[in-house]
Number of protein chains: 2
Amino acid sequence: MSTATKAGTEPATWAEYALDSLSEAGYRRGGSRRRVVELLGNQSCAVTALEMDDQLKGVGRATVYRALEQMEELGLIQKIDVGGDSAGYEKVDPQGHHHHHIVCTGCGKVVPFEDKKLEQVIHEVSERDGFSIQSHDITLKGTCEDC
Amino acid sequence: MSTATKAGTEPATWAEYALDSLSEAGYRRGGSRRRVVELLGNQSCAVTALEMDDQLKGVGRATVYRALEQMEELGLIQKIDVGGDSAGYEKVDPQGHHHHHIVCTGCGKVVPFEDKKLEQVIHEVSERDGFSIQSHDITLKGTCEDC
DNA sequence: GTATGTGCAAAGGCTTTGCACACGT
DNA sequence: ACGTGTGCAAAGCCTTTGCACATAC
């Protein structure tokens with residue numbers, strides 16, 4: 001019972017990829033979870049659970065949290081500490097692209113950044129300590145130019 | 001016995017240094033905060049507020065949190081996400097030495113590590129993005145050998 | 001003696017869980 | 001039809017705040 005679109009079978013967007021992965025994991029294609037997935041797919045950086053709940057008017061808060069839990073379990077999204085009270089979540093690129101975050105302790109602003117050298121060093125560290133690294137979540141804290 | 005100490009200038013331990021800093025910042029030398037400071041001074045890695053509260057029997061939980069807030073404000077300690085529900089805290093070495101953490105997503109074990117190359121790359125990044133970096137808190141997540 | 005420090009208890013905020021009903025398969 | 005998905009409300013847990021008393025200065 002494959003709902004695969006065409007012979008290519010390559011999902012065009014992260015949301016499609018995530019929905020397919022959830023389906024393969026045995027989850028049904030419910031409408032509320034789908035809305036959570038699509039919201040995450042439209043974001044380029046971290047969003048908190050409460051922000052998602054605010055934007056998804058017909059969706060219960062519990063459903064948002066449950067969907068996030070399932071997706072994090074499958075490695076589709078990543079939980080990120082954005083400094084506030086609520087945790088941030090963002091999609092994980094299946095092709096391995098990712099960024100990190102600088103949080104301003106003054107105004108709370110979150111700025112994403114990428115750095116190839118940093119990626120390489122992290123990769124070396126993860127091999128050095130006998131750990132099998134699943135993800136790395138680097139958050140720098142500082143003061144931005146406006147503060 | 002210490003041969004290097006001169007008349008009340010250089011604090012011999014982190015706890016003394018922290019208590020001096022708090023005093024200079026205008027805080028009085030209360031007994032409960034002192035116990036929190038000394039507990040932190042005896043730890044080499046992150047401890048949570050609730051763990052501290054458990055160990056400090058006569059000290060109120062509110063006092064623990066208030067002391068942590070004050071010390072973090074002064075940069076004496078650093079808040080660290082150790083993956084659980086409760087936040088971790090650890091002393092900041094005034095001489096700049098520090099380590100980072102790998103958290104096992106299987107058993108929750110926290111392993112500290114150091115890496116000079118990583119430090120240098122972080123330093124470069126912090127200068128590149130126009131941010132004034134106060135601290136960096138790098139947490140890798142993975143599976144340890146026992147899991 | 002006065003202002004800060006502290007413990008207790010209550011409140012706050014984010015997250016999780018229980019349960020009954022709706023929906024996907 | 002059956003079992004999962006979902007919304008609502010309540011509970012849980014960490015953390016913060018209010019208040020009265022103790023303590024440092």
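Note on naming: letters A, B, ... go to the chains in the order of the sequence lines (proteins, then strands), and numbering restarts at 1 for each one.
In this structure, the side chains of Leu22(A) and Leu76(A) come closer than 4.5 Å at one or more pairs of heavy atoms. No side-chain heavy atom of Val82(A) sits under 4.5 Å from any side-chain heavy atom of His101(A).
In this structure, Ser32(A) does not reach the dG5(D) phosphate: none of its side-chain N or O atoms is under 4.0 Å from OP1 or OP2. Side-chain nitrogen and oxygen atoms of Ser86(A) include at least one within less than 4.0 Å of the OP1 or OP2 phosphate oxygen of dT15(C). In this structure, Tyr65(A) reaches the dT15(C) phosphate: one of its side-chain N or O atoms is under 4.0 Å from OP1 or OP2.
Leu50(B) places its CG atom 17 Å from the P atom of dG12(D), with the value rounded to the nearest Å. Separating the CG atom of Leu22(B) from the P atom of dT6(C) is a distance of 10 Å, rounded to the nearest angstrom. In this structure, Arg35(A) atom CZ and dG5(D) atom P are separated by 18 Å, rounded to whole Å. Here dC14(C) presents its P atom at 14 Å from NZ of Lys79(A), a figure rounded to the nearest Å. Atom CG in Asp53(B) sits roughly 15 Å away from atom P in dC13(D) (whole-Å rounding). Here dT15(D) presents its P atom at 12 Å from CG of Asp54(B), a figure rounded to the nearest Å. If you measure from atom CD of Gln70(A) to atom P of dT6(D), you get 8 Å, rounded to the nearest angstrom. In this entry the distance linking CD of Glu69(A) with C1' of dT16(C) reads 9 Å, nearest Å.
Under the salt bridge (Lys or Arg N to Asp or Glu O under 4.0 Å) test applied with Asp53(A), the options Arg66(A), Arg61(A), Arg35(A) reduce to a single match, Arg61(A).
A residue-by-residue look at Arg61(A) and Ala49(B) shows that Arg61(A) has its nearest nucleotide of DNA chain D further toward the 5' end. Comparing Val59(A) and Ser23(B) against DNA chain D, the residue whose closest nucleotide sits nearer the 5' end is Val59(A).
A donor-acceptor contact under 3.5 Å links the side chain of Arg66(B) to the base of dG7(C).
As judged by a 4.0 angstrom heavy-atom cut-off over every strand, Arg33(B) is placed among residues touching the sugar-phosphate backbone only. Within 4.0 Å (heavy atoms only), Arg28(B) reaches at least one base atom of the nucleic acid.
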Worked check of side-chain hydrogen bond (donor to acceptor under 3.5 Å, both in side chains) between Gln120(B) and Glu124(B): CA-CA 6 Å; Gln120(B) 189 187 333; Glu124(B) 291 169 19; 3.3 Å; yes

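With distances taken from any side-chain atom of Tyr27(B) to the nucleotides dG5(C), dG7(D), dC14(C), the minimum falls on dG5(C).
Proximity of a side-chain donor or acceptor of Trp14(A) to a complementary backbone N or O of Asn42(A) within less than 3.5 Å is not detected.
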